[in-house]
Amino acid sequence: MLKQLLKSTATMSFVFLASLPASAQVHVDIPLPGLEIRVGHRAPPPMRREVRPNRPGRDHIWVPGAWDWQNNDWGWVSGRWDRPNERHARWIRARYVREGRAWRYEPGHWSNQRVIEGDDYRRWRDENRRDRGRGRGRDRDRDRDRNDR
């Protein structure tokens, strides 16, 4: 009797411990590789027209193709059918925003993923701020000289 009680207790303990990770899942907002804001040094080409293949399942969402800044140039990433990793996640398209003489590129991603600033973008942004500050002062001095004439 004692042997059977110990055996069933051990089984119950195993089941309980094995189920802990599933019930204790925590959403960790870690950026995935390639989810970094980068800077492109020229405008992205026009978007390509794509033909969508048949949808593989009801839970699939069409992720449109986009230009991705790769190795100092724009590279096309074709559209595809994909499934969100969480039920209510939605696809956020890639964004291209002109900043001075460059383009801020935010890659497409699911709404539950976090996009961070890449090292190249952060470096460019910091240099651009410093240059803008110096440029404004020089322009002001040049304008003042013109007005004194």
Side-chain angles (χ1 to χ4, degrees), residues 10-149:
T11 304
M12 292 296 283
S13 297
F14 176 76
V15 170
F16 174 74
L17 292 174
S19 67
L20 273 180
S23 64
Q25 286 181 358
V26 176
H27 176 72
V28 180
D29 200 20
I30 298 172
L32 298 175
L35 288 182
E36 293 182 346
I37 297 170
R38 297 191 298 274
V39 61
H41 302 291
R42 62 183 155 280
M47 295 304 258
R48 293 183 177 174
R49 187 179 198 107
E50 296 182 304
V51 177
R52 289 186 195 185
N54 292 332
R55 188 178 195 172
R58 286 186 46 190
D59 55 345
H60 285 73
I61 295 173
W62 177 252
V63 173
W67 290 104
D68 184 50
W69 187 255
Q70 306 168 352
N71 301 323
N72 232 11
D73 200 3
W74 293 108
W76 181 254
V77 177
S78 298
R80 66 192 185 282
W81 288 105
D82 201 353
R83 287 191 305 199
N85 55 2
E86 288 183 12
R87 187 174 172 205
H88 297 290
R90 60 182 174 78
W91 182 254
I92 298 175
R93 289 177 177 250
R95 290 185 46 183
Y96 311 91
V97 180
R98 184 163 191 135
E99 289 191 10
R101 295 183 179 180
W103 290 82
R104 173 188 167 108
Y105 164 64
E106 296 177 24
H109 59 282
W110 293 105
S111 58
N112 61 332
Q113 294 174 322
R114 186 172 57 122
V115 179
I116 62 171
E117 291 182 347
D119 291 337
D120 64 335
Y121 176 76
R122 201 174 310 115
R123 223 178 358 264
W124 174 86
R125 185 196 61 211
D126 292 344
E127 289 171 7
N128 195 36
R129 274 192 197 143
R130 281 195 300 269
D131 291 346
R132 253 190 284 163
R134 281 193 294 246
R136 264 190 251 130
R138 272 184 271 152
D139 290 344
R140 218 178 299 124
D141 292 342
R142 191 173 42 226
D143 292 344
R144 194 177 314 126
D145 291 343
R146 284 186 189 147
N147 291 336
D148 288 343
R149 289 184 199 166

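Inter-residue side-chain proximity for I92 and E106 is flagged as unmet; no heavy-atom pair is nearer than 4.5 Å. In this structure, the side chains of N112 and N85 come closer than 4.5 Å at one or more pairs of heavy atoms. Annotation: side chain of W110 is in contact with side chain of D82 (closest heavy-atom distance under 4.5 Å). Put simply, the side chain of E117 does not reach to within 4.5 Å of the side chain of W124, judged on heavy atoms. Contact check for R104 versus I37: side-chain heavy atoms found under the 4.5 Å cut-off.
A salt bridge (Lys or Arg N to Asp or Glu O under 4.0 Å) check over residues 89-102, counting only residues at least two apart or in different chains, returns nothing. Screening residues 45-56 for salt bridge (Lys or Arg N to Asp or Glu O under 4.0 Å) gives no qualifying pairs among residues at least two apart or on separate chains.
Salt bridge annotation for R125-E127: absent, with no cationic side-chain nitrogen under 4.0 angstrom from a carboxylate oxygen.
The side-chain hydrogen bond (donor to acceptor under 3.5 Å, both in side chains) search around D73 returns R42, not counting sequence neighbours. Take H41 and apply the ring pair (Phe, Tyr, Trp, His ring centres under 6.0 Å) test, not counting sequence neighbours, and it matches W69. Not counting sequence neighbours, the partners of D119 by the side-chain hydrogen bond (donor to acceptor under 3.5 Å, both in side chains) test are R122. With sequence neighbours excluded, the residues forming a side chain to side chain contact (heavy atoms under 4.5 Å, CB included) with P44 are W67, W74, Y96, W103, listed by chain and number.
We find the CD1-CG distance between I116 and L35 to be 8.5 Å, quoted to the nearest 0.5 Å. Atom CZ of R38 and atom CD of Q70 lie 7.0 Å apart (nearest 0.5 Å). The structure places CZ of R83 at 13.5 Å from CZ of R58, a figure rounded to the nearest 0.5 Å. Atom OH in Y105 sits 3.5 Å away from atom CG in D68 (nearest 0.5 Å).
Here the closest heavy-atom approach between residue W91 and residue R80 is recorded as CH2-NH2, 4.1 Å. When all heavy atoms are compared, the tightest approach of I61 to A89 is CD1-O, 4.5 Å. Taking both residues in full, the closest heavy atoms of V39 and Y121 are given as CB-CD1, 4.0 Å, listed atom of the first, atom of the second, then distance. Between S111 and H88, the shortest heavy-atom distance links the atoms OG-O, 4.4 Å.
With H109 contributing its side chain and P107 its backbone, the two residues share a donor-acceptor pair below 3.5 Å.
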>> Checking D59 against R87 for the salt bridge (Lys or Arg N to Asp or Glu O under 4.0 Å) test, could you report, in this order, the C-alpha distance in whole Å, the side-chain angles of both residues, the deciding distance, and whether it holds?
In response: CA-CA 9 Å; D59 55 345; R87 187 174 172 205; over 6 Å; no
